[in-house]
Amino acid sequence: MATATTPAMKKFLNDPADAVRESLAGLAAAHHDLLRYDADAQIVVRADAPVAGKVALVSGGGSGHEPLHGGFVGRGMLDAACPGEVFTSPVPDQMLAATKAVDGGAGVVHIVKNYTGDVMNFKLAAEDAADEGITVESVLVDDDVAVQDSLYTAGRRGVGATVLLEKIAGAAAESGDDVQRVTALARRVNARARSFGVALSSCTPPAAGKPMFDLPEGEVELGIGIHGEPGRRRERMSSARELAGVMVEAVVSDLQAPPGAQVLTFVNGMGGTPQLELYLLYGEIDRQLREAGLEPVRNLVGSYITSLEMAGASLTVLELDDELASLWDAPVHTPALRWGA
Amino acid sequence: MATATTPAMKKFLNDPADAVRESLAGLAAAHHDLLRYDADAQIVVRADAPVAGKVALVSGGGSGHEPLHGGFVGRGMLDAACPGEVFTSPVPDQMLAATKAVDGGAGVVHIVKNYTGDVMNFKLAAEDAADEGITVESVLVDDDVAVQDSLYTAGRRGVGATVLLEKIAGAAAESGDDVQRVTALARRVNARARSFGVALSSCTPPAAGKPMFDLPEGEVELGIGIHGEPGRRRERMSSARELAGVMVEAVVSDLQAPPGAQVLTFVNGMGGTPQLELYLLYGEIDRQLREAGLEPVRNLVGSYITSLEMAGASLTVLELDDELASLWDAPVHTPALRWGA
Amino acid sequence: MITEPIVRASTITVWLTQAGADVRARGDYLTQLDAAIGDGDHGINMTRGFDAVDKALAGQGDGVLPGRLLILAGKTLVSTVGGASGPLWGSALRRAGRALGDVEQFDGPQLALALDAAIDAIVELGAAAPGDKTMVDALVPASRALHAELDAGSSLDQALAAAAQAALEGAEATVPMQARKGRASYLGERSIGHQDPGATSAAIILAALARSVGESG
Amino acid sequence: MITEPIVRASTITVWLTQAGADVRARGDYLTQLDAAIGDGDHGINMTRGFDAVDKALAGQGDGVLPGRLLILAGKTLVSTVGGASGPLWGSALRRAGRALGDVEQFDGPQLALALDAAIDAIVELGAAAPGDKTMVDALVPASRALHAELDAGSSLDQALAAAAQAALEGAEATVPMQARKGRASYLGERSIGHQDPGATSAAIILAALARSVGESG
Ligand SMILES: Nc1ncnc2c1ncn2[C@@H]1O[C@H](COP(=O)(O)OP(=O)(O)O)[C@@H](O)[C@H]1O
Ligand SMILES: Nc1ncnc2c1ncn2[C@@H]1O[C@H](COP(=O)(O)OP(=O)(O)O)[C@@H](O)[C@H]1O
Ligand SMILES: [Mg+2]
Ligand SMILES: [Mg+2]
Ligand SMILES: [Mg+2]
Ligand SMILES: [Mg+2]
């Protein structure tokens, strides 16, 4: 069965250069009721786009974080996703094509994770869209407390809050809110959410064919990003209880929510962490958040913003208010997130 | 941060011996609206059990396959799950406790994957239940075409069809069908479903602390089970297209569905396979099934019956009829599978 | 016949404690055997079960009948082991205990009958025949040796030593077999060349029996 | 001054083709540098971009103005590279092309102005200052050297060779810097001790420029 084209790494791939495109085609084949894949423009678009009179949400970023973003296209969440190559920002052409494809006349919101590449490419796209007469609002996601937000960094990265923001802003847009309100809500989610990630292993991008970094036996990387960027520091592997403690402390101390605040707890797997471990970790985190005086009233546990098959997890805590909670609860129907529909 | 209790393997664990229990406690903390965890009886039970007059579904098996089974407890699917230690059948006491906890007077159906241990433990439990006056029907799942069903084996293993059967029988029970009909439907799903799995890596059970088996660089294991049992044969790694071909051929030739038959395609990740690859594989399989003359009209793509963090995938094809399709479409609300609710 | 060892409740306790210690000591080896042709948990399963048996026996006062102890141990194994070996060994001990009934002590022939009852329970539940590469391949030769020695007038000590030896040889004889029962059967021909873990633990348990009766006799 | 090389459209084509070939040849090295302090795709990104530039240039007939070629190459990079380097290099070439306007050929001082326009575009978009450990740390010294040599009366060949050398040294000088822009900045002090991939590819591209003008001069 071995052939000349046999890939060196062990992954379900044909030509590694085609991985993203073939995967998106598979996504569209599985979910043609929800979305379509425009292979020329390299974008994933809601099946019924453009929805006249509805604010449209466009997100995008490197691939390798599935289900983010293609898996969140559908009713009540994204109108379009622009997937770049693995761990590489998409290009402005994709964002412009997506913006044009979903513009229903009520304005388009670009959801941009704060990475230099994403920010610059979305900026060029927004300029192009403005040239074509489409109102674009950009919302920056930068919730990763592992990065210091100072003059000496590119600012905090956008990580887990992206999922929550896309759900909540998507619900607002679906309910008919105008572009200012959708934008404001999205920014509120970002302002009230904090995240911190931990990697137990590296991961192998198809085009590279070898692991992004080495993580020696018995060590973990704390403050990891979602692109396989090394984290802030390495430590000896410790128990789930202790790792949960590091995550909770980092997030809670930065969020500074008032005592008794109601929160949404998002425990996210990086791709290679079994659900058995993820729920075990959730149990630890839930307890420690309560000990820290917060009240988890909603949660999301699963692998929603990943780094290929990396073993690891991130914690995102979002401070809720009634409006955010009810938008979170609103129906959503996408390949990866679905309820009430 | 390293302590004396630092586990040797890199997993989110405290004491590995507590892994299953702590994970179930986390599951219950996250989904207390849907289910509760009885730590003494070591079972997961639907929050509103027993539902008077409803046929109750009890499933169980070794842990390490999450979300199976605890993640499928809720409305429209399982009434209770009995999780054993990792990759080890639960004991009859759990099954009996679950049976008693969910019995709503309309009978209880035990869903048993065909493994010697599961079969024998469920058999003892059913005898105990009968002693206590509870009608129990047992449904055996044995859909794995990698195992020859002959006098010379323990028969085919129960793999991917389990998920589909639990959903469909769960919908029938929720709709008020009686125990004979629910049992008959469950058996029909099993009779019309076939599966085949491929492993690209091994996995590490917490208690063992080391990989179950070695898979040399560049080799794959074809016909793998879900307990880390070695498969039927090893081959050189090949392309997604070729691996899809092996899976489709194995399943389709055994299923022997009539030309043009409508099918549900279930492409399942074994735990460590990124969604990018899973959808790429889905695309290949979908195309090849159509080429084989079948018509995929429903699908499920994701990691639903796993082997911890094993990299790999399985294909299950279920030949549908109108009734099975509409039961599949019926609302379900569990931690892992949710729609229409 | 006055020096012939007699089996009492205390012998049962010593045996099960010994068997547990031996299974625990060889747990990694058993798990390794299971990893090759099964799912790599046999040592863990049996250890978990015997840990629970130890606790259960520790809770028993003096004067409990040997048959009762076996039934208790069997129930404990059923309730804690899971997998294939739990119900098999659990049913085996329960059936052996029931076969003994209410006797306070018993001799070789009664022990042989109890062993046969245990094997019957295993075969009833698991339907394995000799040659299927299971624990049955250790237990059936053991029973045959026990009967033969006793019939030939050997002491119970000698007879049990022969039975233990037969179990060990039976376990070793599983190496060239192709499995037809249990997980190993999924492997087809690839199961050939490996020793069956369940037969191996059965041999360990019978060796502990021979030693325990010898000691307390 | 009659032997002074003049830059023409063909020089631009030779340069970009050369630069692409060099980036491709050192792609693994660039990716490796990026893996240490970024996300390990810089070589792949730049290669993808220059592959597309090759194709775009191949589609151009004779007589296209050099400024137009640069704008085309810039647009192609923007449209195909993604990441941080795509919009930065793309905007740089587009701005350089626009700075040249409609000239058919140009000399050293004009080339220096085009390079400055390119750097302006990069700084406008990315806001990096010298010392932030980015491509700017290769490009700014290169521009400074080019101006200095031309002002001192050196030939364009010599001036470009000095600029390329300055770019190389600028890239090497990023090793001890702590990154303040781009992904590497997330690492804080851990970014120290590694050479910046974007500065390194910038040096490669400037070396190709020096060689191309030398050749076609
Ligand atoms: N049908 C059977 N009859 C008798 N013994 C069996 C049967 N199936 C399996 N076994 C025994 O059980 C052993 C495996 O036990 P264990 O690993 O604890 O359970 P599991 O296979 O469920 O993981 C095998 O080595 C074999 O000796
Ligand atoms: N703000 C910036 N200004 C100038 N150059 C930058 C900036 N941010 C990043 N770079 C350059 O981009 C390079 C990384 O490019 P690349 O790896 O292709 O993109 P990405 O970081 O998006 O993966 C860095 O080595 C650095 O030289
Ligand atoms: Mg990148
Ligand atoms: Mg087992
Ligand atoms: Mg086993
Ligand atoms: Mg990079």
Side-chain angles (χ1 to χ4, degrees), chain A residues 17 42 60-64 82-96 115-125 128 144 146-148 150-157 202-205 207-208 210-214 223-234 307, chain D residues 27-28 31-32 34-49 51-52 74-91 94 121-122 124-129 131-134 177-191 194 198:
Chain A
Q42 184 72 347
S63 293
C82 311
E85 294 299 317
V86 170
F87 295 166
T88 299
S89 162
V91 300
D93 307 45
Q94 292 170 264
M95 297 151 181
L96 181 63
Y115 299 93
T116 304
D118 292 55
V119 170
M120 294 191 304
N121 283 286
F122 264 109
K123 180 167 180 288
L124 297 185
D128 292 343
D144 187 355
V147 176
Q148 280 181 20
S150 77
L151 282 176
Y152 306 109
T153 68
R156 290 182 160 175
R157 297 175 286 215
S202 184
C203 60
T204 300
K210 52 174 197 275
M212 301 264 320
F213 56 91
D214 284 326
I224 191 83
I226 56 167
H227 299 89
E229 316 98 305
R232 291 306 303 273
R233 63 181 198 272
R234 288 190 174 177
S307 297
Chain D
D28 282 353
T31 292
Q32 223 172 291
D34 196 32
I37 55 171
D39 59 350
D41 60 1
H42 186 61
I44 298 168
N45 291 347
M46 296 297 284
T47 298
R48 183 171 58 247
D51 285 351
K75 286 197 165 157
T76 304
L77 290 179
V78 167
S79 299
T80 56
V81 175
S85 42
L88 290 170
W89 271 107
S91 302
R94 285 197 296 194
I122 287 171
E124 242 171 59
L125 195 56
D132 283 355
K133 196 175 184 122
T134 70
M177 294 177 184
Q178 175 170 340
R180 295 184 187 169
K181 283 282 178 290
R183 287 184 201 286
S185 70
Y186 305 142
L187 281 176
E189 293 180 357
R190 278 174 72 186
S191 65
H194 301 274

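Sequence lines set the chain letters: A, B, ... in the order given, protein chains first and strands last, and positions in each chain run from 1.
The heavy-atom pair separating A:Met120 from D:Ala84 by the smallest distance is CE-O, 3.2 Å.
Heavy-atom pairs under 4.5 Å with chain A peak, among D:Asp34, D:Leu88, D:Ile37, at D:Leu88. Options A:Asp118, A:Asp93, A:Thr116, A:Val119 differ in how many heavy-atom pairs under 4.5 Å they form with chain D, and the most are formed by A:Asp93. Among D:Arg48, D:Lys181, D:Glu189, D:Arg183, the residue making the largest number of heavy-atom pairs under 4.5 Å with chain A is D:Arg183. Ranked by heavy-atom pairs under 4.5 Å with chain A, the list D:Gly38, D:Gly82, D:Ser185, D:Gly83 is led by D:Gly83.
Remark: A:Arg157 engages A:Asp144 in a side chain to side chain donor-acceptor pair (under 3.5 Å) (not counting sequence neighbours). Qualifying ring pair (Phe, Tyr, Trp, His ring centres under 6.0 Å) partners for D:Tyr186, counting only residues two or more places apart in sequence or in other chains: none.
Using a 4.5 Å cut-off between heavy atoms, A:Phe87 touches chain D through backbone and side chain atoms alike. Looking at A:Asn121, the atoms closer than 4.5 Å to chain D (heavy atoms on both sides) sit in the backbone and in the side chain alike. In this structure, chain A has a heavy atom under 4.5 Å from the backbone of D:Ala179, while its side chain stays farther away. Of the atoms belonging to D:Ala36, it is backbone heavy atoms, and not side-chain ones, that fall under 4.5 Å from chain A. Interface residue A:Glu85: only side-chain heavy atoms are found under 4.5 Å from chain D. Contacts between D:Thr80 and chain A at a heavy-atom distance below 4.5 Å involve the backbone alone (N, CA, C, O). For D:Ile44, the part lying under 4.5 angstrom from a heavy atom of chain A is the side chain only.
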